[in-house]
Amino acid sequence: MAYRVPFVDPGKNYRNIKDEIDAVYNEVMSKGDLIMRHQLAAFEQNFANFVGTKYAVGLNSGYHALLLSLIAGGISGGDEVIVPAHTFVATASAVVNAGGTPVLVDVGPDYNIDTGKIEEKITPNTKAIIPVHLNGRMARMDTIAHLADRYNLIVIEDACQSLGASFDGKNAGSVGLTGCWSFYPFKILGGYGDGGAITTNDPEVARKAALLRYNGEDRETGEYHYHGMTCLLDNLQAAFLDVKLRHMPRWIERRRAITEKYRDGLGGIEGLFLPHFEDKRYYDVYQNYVIRTDRRDELASYLEENGVEVLIHWRRPYYSYAELGFIERDFPETESISKQVLSLPMNVEIEDAQVEYVIKYVRRFFKK
Ligand SMILES: *Cc1c(COP(=O)(O)O)cnc(C)c1O
């Protein structure tokens, strides 16, 4: 079924910038610049500048950005790493696959890690914290940096959902030892397939990540330095991402303008909580526009029936899957979020009239 208001619209995004994308496609393809050529280096430099770090290392996914950050940060067998209970499973899986043990902490009403609950989870084995900046809003990095200092922990930011966000004047992905990014098609900066990056100010971490992503081999000398992997960002994807990065300031403005429309249109409905949290220190970029209500499932079906595509992140917390081996499952805020949240269509291609259509049907639902 074709939606009146699709959740995302990658085809329309491409059509809007087709000339620019096709030009770099033709150039890359006709020159045969496929692996680690100047387009990758140029994108890395531009991306680091955008985030505000010295280095960016292009990778094939956000998952690998997390995994390589943990390895480069020295995490190994038996090390405990603090992660939020409410996040995409990849945050915790990267810890397990690096040989560490994820230790979960519940989140607060803004969907980010509850910094008041971190300290009680710190043990002599704790080595790192991975705050996730979920839905386009940063975690409380001042408190996290303070705890990290006090207990000598490294901080790896899962910034996959927060390109352009800031807290207290500091950009997502520029505060921790590394910032981890995903260029999965539906992220704020999305490629035409998988992609990711690490940002860092640490030259050693940048060097190690750059070697690990390419079999541990220094391509200039031909020598091996680590047991590495194969998880480079494709040169063609880097060229596409570099084009899209130039549009980013305008696209982020557009996202925020859409959220203002949602806020004006949906404010004041009893039993409906909108993702606007009054604190001027935050600059949110709304990877997702998450609303919250006890009548979530009913509302989701009603919107779908009326041509509005909605998503639920996530119906069931990742730690509740027995196969993943988590023992602790007592995270009340995460449990209630799983039952109450719903994400409305949010993409830069959406027209004002479509936003108004969504608002009209949400209001209609709550009048029933
Ligand atoms: C998308 C995402 C990831 C993983 O990114 P991939 O590129 O799909 O591997 C990790 N953490 C969060 C919070 C994400 O949203």
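Ligands are counted one by one from 1 in listed order, and the atoms in each one are counted from 1 as well. Small disclaimer: the values here were computed from a predicted structure and weren't measured.
- A tilted orientation is assigned to the rings of Y302 and Y361, their planes being inclined by 30° to 60°.
- The closest side-chain donor-acceptor pair between Q340 and R292 falls under 3.5 angstrom.
- Under 4.0 angstrom from ligand 1, the non-hydrogen atoms of K187 all belong to its side chain.
- For ligand 1, the atoms closer than 4.0 angstrom to any heavy atom of V132 are 13 (C).
- With no hydrogens or angles considered, a side-chain donor-acceptor pair links E80 and T123 at under 3.5 Å.
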Let me see the working for Y111 and H133 under ring pair (Phe, Tyr, Trp, His ring centres under 6.0 Å), right down to the final yes or no.
CA-CA 9 Å; Y111 309 108; H133 308 314; over 10 Å; no
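- The two residues I113 and A139 make their nearest non-hydrogen contact at CG2-CB, 4.3 Å.
- Checked against a 3.5 angstrom limit, the closest N/O atoms of Q161 and ligand 1 fall inside it.
- Considering only heavy atoms from C-beta on, P10 stays 4.5 Å or farther from P185 through its side chain.
- The proximity of C160 to ligand 1, defined as any non-hydrogen pair under 4.0 Å, is limited to the side chain.
- Distances between N or O atoms of L134 and those of ligand 1 include no value under 3.5 Å.
- Scanning all protein heavy atoms for the shortest distance to atom 8 (O) of ligand 1 gives S182 OG, 4.0 Å.
- The heavy atom nearest to atom 13 (C) of ligand 1, considering only D158, V89, N288, N135, is found in D158.
- Partner of Y319 under the ring-ring contact (aromatic ring centres under 6.0 Å, His included) criterion, out of F326, W314, F331: F331 alone.
- The nearest protein atom to atom 9 (O) of ligand 1, hydrogens excluded, is given as Y63 N, 2.9 Å; this is a heavy-atom distance.
- The distance from ligand 1 to the heavy atoms of S61 drops below 4.0 Å at these ligand atoms: 7 (O), 9 (O).
- Close approach of ligand 1 to F88 is summarised as follows: ligand atoms under 4.0 Å from at least one heavy atom of the residue are 2 (C), 3 (C), 4 (C), 10 (C), 12 (C).
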